[in-house]
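Following: one structure in structure tokens, then a few remarks.
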Amino acid sequence: MEGLKNIMEDNIEYQLDTLLPTMPEICSCRDCRLDMATYALNRLRPNYVRSDIGALYHKVHSSSLQAQTEVLTAVVSAINVVAAHPHHQTKEE
């Protein structure tokens with residue numbers, strides 16, 4: 001729906017952008033990144049906003065250690081699952 005944004009998408013994208021460059025053995029093609037994001041987002045509570053005030057509120061709320069840990073845990077789990085079972089052939093195959 002136009003005008004709505006799940007702010008968790010930005011958090012997941014940021015974590016993938018931060019973590020994947022440190023893991024050169026993990027495929028980070030567009031399809032794998034989308035699979036990782038999908039996996040992580042399906043394990044986190046969505047947080048929709050429709051205004052800048054809502055986005056600001058979310059930034060304050062998501063800065064807690066618990067919120068950051070939940071996102072990081074979901075992203076690391078997603079990376080591990082997708083890396084173990086990519087939806088394309090790996091270079092070794």
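All figures in this text were calculated on a predicted structure; none of them were measured in a lab.
- Asn11 places a side-chain heavy atom less than 4.5 Å from the side chain of Met8.
- Under the 3.5 Å distance criterion, the side-chain polar atoms of Asn47 are left unmatched by any main-chain donor or acceptor of Ile7.
- Considering every non-hydrogen atom in both Ile12 and Ala40, the closest pair reads CD1-CB, 3.7 Å.
- For the pair Leu4 and Val49, the minimum side-chain heavy-atom distance is 4.5 Å or more.
- Residues Asp31 and His87 form no side-chain contact, since every pair of their non-hydrogen atoms from C-beta on lies 4.5 Å or further apart.
- In the displayed structure, Glu25 atom CD is contacted under 6.0 Å by more than 12 heavy atoms of other residues, nucleotides or ligands.
- Within the hydrophobic cluster formed by Ile, Leu, Val, Met, Phe, Trp and Tyr side chains joined at under 4.5 Å, directly or through other members, Leu34 stands alone, with no partner residue.
- If you chain together hydrophobic residues whose side chains sit under 4.5 Å apart, Val75 and Met23 fall into the same group.
- Here Asp17 pairs with Arg33 under the salt bridge (charged side-chain N to carboxylate O under 4.0 Å, His left out) rule; sequence neighbours left out.
- You'll find the side chain of Leu19 reaches within 4.5 Å of the side chain of Leu72, heavy atoms only.
- Contact of the Met36 side chain with the Leu16 side chain is registered, since non-hydrogen atoms from C-beta on lie closer than 4.5 Å.
- With Ser77 contributing its side chain and Ala74 its backbone, the two residues share no donor-acceptor pair below 3.5 Å.
- Once rounded to the nearest 0.5 Å, the distance linking NE2 of His85 with CG of Asp35 reads 12.5 Å.
- At a threshold of 4.5 Å between non-hydrogen side-chain atoms, the residues Cys27 and Pro86 do not count as touching.
- Note that Arg43 lies in the cation-pi zone of Tyr39, set by a 6.0 Å cut-off to the ring centre and a 45° limit from the axis.
- Atom CG of Leu44 sits about 11.5 Å away from atom CD of Glu9, to the nearest 0.5 Å.
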